[in-house]
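Here the structure comes first, spelled out in structure tokens, and everything after it is commentary.
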Amino acid sequence: MEQGRVAVVVGGASGIGAAIATAFESDGWRVVVADLPATDVTDEDSVAAMLDGVVASHGRLDVVVNSAGVSTLGNVVDLAVDEWRRVVDVCLTGAFIVTKQAGLRLSAGGAIISLSSLNARQPGAGLAPYCASKAGLSMLTQVAALELAPRGIRVNAIAPGLVVTPLTQPAMDIPGIEDDYLENTPLGRSGRPDEIASAALYLATAEWVTGEVLDINGGAHLMRYPDLHKHVLAAFS
Ligand SMILES: NC(=O)c1ccc[n+]([C@@H]2O[C@H](COP(=O)([O-])OP(=O)(O)OC[C@H]3O[C@@H](n4cnc5c(N)ncnc54)[C@H](O)[C@@H]3O)[C@@H](O)[C@H]2O)c1
């Protein structure tokens, strides 16, 4: 690999993003981790200033990964609009802001990689804003790939199935949910953050791949999404 390439991992302080930062570092990249509170994906000025800072201090920008994400649990009829907006703001509008600001600064050979989800294609009861955001993010990835291809910038996403991280641990603590996931995962186990990181490294250097949303989920997209609602009701009613 060419020496000194620079990757920014937004949302890189935890979980999958942290594993991606480690994988890029191990592969010889210079890595900048951007996360709350210094960088907020819902604040365009904050993302722009962070990326300007990276270019100023490292002299180049090759790959921007966006792993920032939040979720919430609640049925559509019970969900406060503010809670809907909180999730969509980070998971979809935040992804748009990172894609836009990265697209303004990357040059030919550059790549943008977002974290979508199995929920972009499989609905989960109780996860409306998250599912809707990730479905939107998968389409945003394809549109941005078309628009940025003439400039030689590739735009891809990874759609993981269950990976136990601080984001998903609270759901795993509800009896029945993890078993239901695993029963609906042909390969019979959850994923590890480093397995998602390997895919990010692949997409960073796959020079003929753009507009791809890569399912990495042990085959879970071939089956059904767990019935979260049933398990939540059983645990709390
Ligand atoms: N863990 C899974 O099973 C799974 C499955 C599918 C998709 N994903 C997606 O992968 C990504 C990473 O998830 P994770 O499991 O590592 O979660 P995580 O909670 O461990 O990490 C998410 C990171 O995003 C950061 N973040 C949240 N809001 C932000 C904001 N406004 N600005 C900047 N950073 C912000 C957090 O501080 C945190 O460091 C998310 O986009 C998530 O939706 C995760």
Side-chain angles (χ1 to χ4, degrees), residues 8-23 31-51 64-73 83 85-99 101-102 112-124 127-138 140-141 156-173 177-178 180-182 184-185 189-197 199-200 203 213-218 220-221 225-226 228:
V8 173
V9 185
V10 185
S14 174
I16 291 169
I20 291 172
T22 301
V31 176
V32 177
V33 168
D35 208 307
L36 293 172
T39 302
D40 182 345
V41 296
T42 68
D43 175 350
E44 186 167 20
D45 291 344
S46 151
V47 173
M50 179 275 293
L51 291 174
V64 176
V65 180
N66 180 23
S67 192
V70 295
S71 190
T72 192
L73 198 58
E83 186 64 352
R85 286 202 173 109
R86 184 181 71 85
V87 175
V88 173
D89 213 21
V90 175
C91 290
L92 182 55
T93 308
F96 161 72
I97 287 172
V98 173
T99 302
Q101 293 299 327
I112 298 168
I113 302 166
S114 299
L115 269 295
S116 183
S117 168
L118 176 59
N119 287 128
R121 60 152 81 204
Q122 283 187 346
L127 293 177
Y130 186 79
C131 294
S133 296
K134 294 299 186 178
L137 170 54
S138 289
L140 167 67
T141 299
N156 293 290
I158 302 169
L162 175 64
V163 178
V164 180
T165 67
L167 183 73
T168 50
Q169 186 61 57
M172 297 305 102
D173 292 340
I177 289 188
E178 188 163 13
D180 201 344
Y181 265 107
L182 300 187
N184 285 287
T185 302
R189 65 170 176 84
S190 56
R192 300 187 311 270
D194 67 278
E195 292 175 307
I196 310 304
L203 289 173
V213 180
L214 192 56
D215 283 305
I216 303 195
N217 58 32
H221 65 291
Y225 201 72
L228 301 186

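Any value given below was found using the heavy atoms of this structure, including those in side chains, with hydrogens, waters and symmetry copies removed. Counting convention: from 1, in listed order, for ligands and their atoms alike.
For ligand 1, the atoms closer than 4.0 angstrom to any heavy atom of T165 are 1 (N), 14 (P), 15 (O), 17 (O), 20 (O). Less than 4.0 angstrom separates some heavy atom of P160 from each of these atoms of ligand 1: 5 (C), 6 (C), 7 (C). Applying the 4.0 Å criterion to heavy atoms of V163 picks out, from ligand 1, the atoms 1 (N), 2 (C), 3 (O). Near G15, meaning under 4.0 Å from any of its heavy atoms, are these atoms of ligand 1: 16 (O), 20 (O). In summary, the atoms of ligand 1 found under 4.0 Å from a heavy atom of L162, numbered by their order in the structure, are 3 (O). Every atom of ligand 1 with a heavy atom of L115 under 4.0 Å away is listed here by number and element: 10 (O), 11 (C), 41 (O). Remark: ligand 1 atoms within the under-4.0 Å shell around heavy atoms of T39 are 32 (N), 33 (C). Contact atoms of ligand 1 toward D40: 30 (C), 31 (N), 32 (N) (distance under 4.0 Å to a heavy atom of the residue).
Rounded to the nearest 0.5 angstrom, S67 OG and L167 CG are separated by 9.0 Å. Distance check: M172 CE to Q169 CD gives 7.5 Å after rounding to the nearest 0.5 Å. Distance check: I158 CD1 to N217 CG gives 12.0 Å after rounding to the nearest 0.5 Å. The line from CG of L115 to OG1 of T141 is 10.0 Å long, rounded to the nearest 0.5 Å. How far CG of L137 is from OH of Y130: 9.5 Å, rounded to the nearest 0.5 Å.
Judged by the shortest distance from any of its heavy atoms, G161 lies inside the 4.0 Å radius around the atoms of ligand 1. G94 does not count as a contact of ligand 1, since none of its heavy atoms falls under 4.0 Å from the ligand. Between S116 and ligand 1 there is a heavy-atom distance shorter than 4.0 Å.
Between L228 and Y181 the shortest side-chain heavy-atom distance falls below 4.5 Å. Side-chain contact between M50 and V10 is present, with at least one heavy-atom pair separated by less than 4.5 Å. Looking at heavy atoms from C-beta onward, T39 lies out of side-chain contact with D35 at the 4.5 angstrom threshold.
When D35, V33, V70 are checked for heavy-atom proximity to atom 39 (O) of ligand 1, D35 turns out nearest.
In terms of N/O distances under 3.5 Å, ligand 1 is not approached by V10. Ligand 1 has a nitrogen or oxygen under 3.5 angstrom from a nitrogen or oxygen of A68. The shortest N or O to N or O distance between T42 and ligand 1 is not below 3.5 Å. Considering backbone and side-chain N/O atoms, I16 comes within less than 3.5 Å of an N/O atom of ligand 1.
Of the heavy atoms in T168, only side-chain atoms (C-beta onward) come closer than 4.0 Å to ligand 1.
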Side chain to side chain contact (heavy atoms under 4.5 Å, CB included) assessment of V164 paired with E178: CA-CA 10 Å; V164 180; E178 188 163 13; 4.2 Å; yes
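When all heavy atoms of Y225 and L127 are compared, the closest pair comes out as OH-CD1, 3.8 Å.
For the pair E195 and R189, the salt-bridge criterion is met [side-chain N within less than 4.0 Å of a carboxylate O].
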